[in-house]
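Here the structure comes first, spelled out in structure tokens, and everything after it is commentary.
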Amino acid sequence: MKQIKTLLIAAIFIFGASQTTSAQAKTAHVDVSEIMAKMPAMLDAQKQLEKLSGTYDTDYKKMVEEYQAKLKKYEAESATVSDVINGDRSKEVQDMQKRIVDFRDNAQKELQQKESDIVNPLMGKVRASIQKVAKAKGFQYVLDGSTLLLADGPNLTADVKKDLGF
């Protein structure tokens, strides 16, 4: 009876050890930043953002040039006009400065929001593709290759690009 108990305990340990060995998770890596950088939809999005940014830059430069021209004019005329007019002009210049700063801040916020609106759905597609490819290949964990220090496991980047159609 004691031998059966010992054999049973030994069998449980052997079975448990084999289960632990077979339960090791399969891990792969993928470079999400490379995929995003080469994704055709992302390239189109970058062009849209550059165009919008260029429009904002042009408008901003016009506002600054107008401000500088008025400032120069008002400084040149300041000695020949009354203090009341100089006070009004000073207020006008301060208002222009505020509008320029507000425009710049709003343009930055709008660009960031537009980028987020464009990039988030694309990132969702990439994540879904990574999950699909990893599941098809039997991987439980996929690490982003842009932050890895050592990557000996399989690289799924090419497979994900193929799944996304580029």
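Only a predicted model underlies this, so the values are computations on that prediction, with no experimental measurement involved.
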Rounded to the nearest 0.5 Å, what separates atom CD in Glu77 from atom NZ in Lys73? 5.0 Å
Could you check Glu34 against Lys38 for side chain to side chain contact (heavy atoms under 4.5 Å, CB included), going step by step and ending with a plain yes or no? CA-CA 6 Å; Glu34 178 186 339; Lys38 294 183 179 175; 3.8 Å; yes
With distance as the sole test, does Thr27 use its side chain to make a donor-acceptor pair with the main-chain N or O of Tyr141 at under 3.5 Å? no
Between Ser53 (side chain only) and Leu49 (backbone N and O only), is there a donor and an acceptor less than 3.5 Å apart? no
Separation between CG (Leu122) and CE (Met36), nearest 0.5 Å, reads 5.0 Å
Are Lys132 and Val160 side-chain neighbours, meaning at least one heavy-atom pair lies under 4.5 Å? no
Report the distance from atom OG of Ser78 to atom CG of Asn86, rounding to the nearest 0.5 Å. 5.5 Å
Side-chain donor-acceptor distances from residues 105-118 under 3.5 Å, at least two apart:
residue : atom : partner : partner atom : Å
Asn106  : ND2  : Asp102  : O            : 3.3
Glu110  : OE1  : Tyr56   : OH           : 2.2
Gln113  : NE2  : Asp117  : OD1          : 2.8
Ser116  : OG   : Asn120  : ND2          : 3.0

Modelled atom types, side-chain donor and acceptor of Asp31 and Ser33, under 3.5 Å: yes
Output the distance between atom OH (Tyr74) and atom CZ (Arg89), rounded to the nearest 0.5 Å. 5.5 Å
Taking the cut-offs as 6.0 angstrom to the six-membered ring centre and 45 degrees off its axis, would you call Lys26 and Phe139 a cation-pi pair? yes
In this structure, which one of Ile130, Val126, Val133 forms a side-chain contact (heavy atoms from CB on, under 4.5 Å) with Asp163? Val133
Going through the distances and angles, do Ser90 and Asp88 end up as a side chain to side chain donor-acceptor pair (under 3.5 Å)? CA-CA 5 Å; Ser90 175; Asp88 290 342; over 6 Å; no
Got a salt bridge between Lys91 and Asp95, using NZ or NE/NH1/NH2 to carboxylate O under 4.0 Å? yes
Could you give the distance from CE (Met96) to CD (Glu66), rounded to the nearest 0.5 Å? 4.0 Å
Looking at every non-hydrogen atom in both residues, tell me the closest pair between Val30 and Leu156 and how far apart they are. CG2-C, 4.0 Å
Can you establish whether the number of heavy atoms outside Phe166 located under 6.0 Å from its atom CZ is more than 12? yes
Side chain to side chain, Arg127 and Met123, heavy atoms closer than 4.5 Å: yes
Lys161 and Ile35: which non-hydrogen atoms are nearest, and at how many Å? CG-CG1, 4.1 Å
Going from CG on Leu71 to CD on Glu92, what distance comes out if it is rounded to the nearest 0.5 angstrom? 11.0 Å
